[in-house]
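For reference, the structure discussed in these notes is given below.
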Amino acid sequence: MDIADQAARIKAGERRALARAITLIESGRADHRAQATELLAALGTEHEALRIGLSGTPGVGKSTFIESFGMMLTGQGLRVAVLAVDPSSARSGGSILGDKTRMDRLARDPNAFIRPSPSQTHLGGVARRTREAVALCEAARFDVILIETVGVGQSETVVAQMADVFLLLLAPAGGDELQGVKRGIMEMADLIVINKADGDLKATATRTQADYAGALRLMRKRPQDPEGYPRAMTVSALEDRGLPEVWAALQELAEWRKDEGHWTRTRAAQARYWFEEAVRAALLAQLDTAQARSRLAALSDAVSQGHQDPAAAAQAFVRELAAD
Ligand code: GDP
């Protein structure tokens, strides 16, 4: 594979080249890994998109929202990529966007690019591959990258490590539901968006929004927030209502963070995080060779039979590994 040629095609916005590159980063083969790493390095980080993390429990309306919101943005001439971190794909091999006929309008839009969550054996693998897909889409000069995840806790944390702004989508509900949202996720959100503010649900949605606005006011102010953020808003993804307001809020937030230096600081901290994750992953991969596994098993037996002290055996093993 000609890395320089591929990089040029991606930067020129060739969708096929982008799709191929994402397939490459998702591959588990060692030679593919090496090529993927080379490609990412060749692409660099000269273009920055607005990366929007989006989370919400199944049924809250994520795909409906992404489609309506995405269509609104492409209608303004913006190029929109949609990626997903799906923790369930780690277990089942399925994925939130994989089986979908959902978002079919957006999928047909030439200014949109939709990619399902990679299926992997663990969340760490899904997270790293999604982070790399974000980098590829950014190099391909998308303006907005939506990174979707299902609200189960752990996956929000990894999405927050690759997003500039984080949007939590909620359904209208009674006040007692407020406690149902984990505090950690609330603290991560820049915008809490109550969807389905239409028809019979409209009044409940407005009440829910007021509840969350109240709860947000009680939270400690974060340094990365201008006055009035995080905010709670209502939308109807189905009826296309409130979406321009969400977009305006996200842009206001992004501009403020850029002006105040938070944007650069956050991206720098994220780069540090992914570097450390990559080091950890590489070290763990060293444990996964036939030689390391058999040596580990032998030492483990020796320890369990009392022939060796656990700490001493571990130290010996790590020294051997480093010497290899
Ligand atoms: P996801 O599982 O979070 O991706 O949710 P979906 O987008 O698949 O939506 C789940 C259900 O909620 C579908 O039946 C949608 O038609 C419905 N839905 C989504 N957005 C809205 C909305 O704004 N208003 C109403 N009334 N229903 C909605």
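Read the numbers this way: they start at 1 and go in the same order the structure lists the ligands and their atoms. Everything numeric here is computed off the predicted structure, so don't read it as measured data.
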Should [X] be listed as contacting ligand 1, given a heavy-atom distance under 4.0 Å as the test?
{"X": "Gly59", "answer": "yes"}
{"X": "Leu169", "answer": "no"}
{"X": "Leu201", "answer": "no"}

Is there a donor-acceptor pair closer than 3.5 Å between any side-chain N or O of Arg257 and the backbone N or O of Asp164?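 Side chain of Arg257 to backbone of Asp164, a donor-acceptor pair under 3.5 Å: yes, one is there.
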Side chain of Arg131, backbone of Val126: donor and acceptor closer than 3.5 Å?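 No: the side chain of Arg131 does not pair with the backbone of Val126.
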[X] and [Y] ion-paired at < 4.0 Å:
{"X": "Asp190", "Y": "Arg222", "answer": "yes"}
{"X": "Arg295", "Y": "Glu320", "answer": "yes"}
{"X": "Glu67", "Y": "Arg105", "answer": "yes"}

Options [options], ranked by nearest heavy atom to [atom], top entry:
{"atom": "atom 9 (O) of ligand 1", "options": "Pro172, Ala205, Gly61, Ala197", "answer": "Gly61"}
{"atom": "atom 21 (C) of ligand 1", "options": "Asn195, Asp240, Asp200", "answer": "Asn195"}
{"atom": "atom 17 (C) of ligand 1", "options": "Lys196, Met103, Glu239", "answer": "Lys196"}

Using distance alone, determine whether Ala237 and ligand 1 share an N or O pair under 3.5 Å.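 N/O-N/O distance below 3.5 Å exists for this pair.
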As an exercise, identify every atom of ligand 1 less than 4.0 angstrom from a heavy atom of [X].
{"X": "Thr64", "answer": "6 (P), 7 (O), 9 (O), 15 (C), 19 (C), 20 (N)"}
{"X": "Pro58", "answer": "2 (O)"}
{"X": "Thr57", "answer": "3 (O)"}
{"X": "Asp198", "answer": "22 (C), 23 (O), 24 (N), 25 (C), 26 (N)"}

Check whether Phe275 forms a cation-pi arrangement with Arg272 (NZ or CZ under 6.0 Å from the six-membered ring centre, at most 45° off the ring normal).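 No; the conditions do not both hold, so Arg272 does not lie above the ring face of Phe275.
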Could you tell me whether the side chains of Thr234 and Gln209 share a donor-acceptor contact shorter than 3.5 Å?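 No, no side-chain donor-acceptor contact under 3.5 Å.
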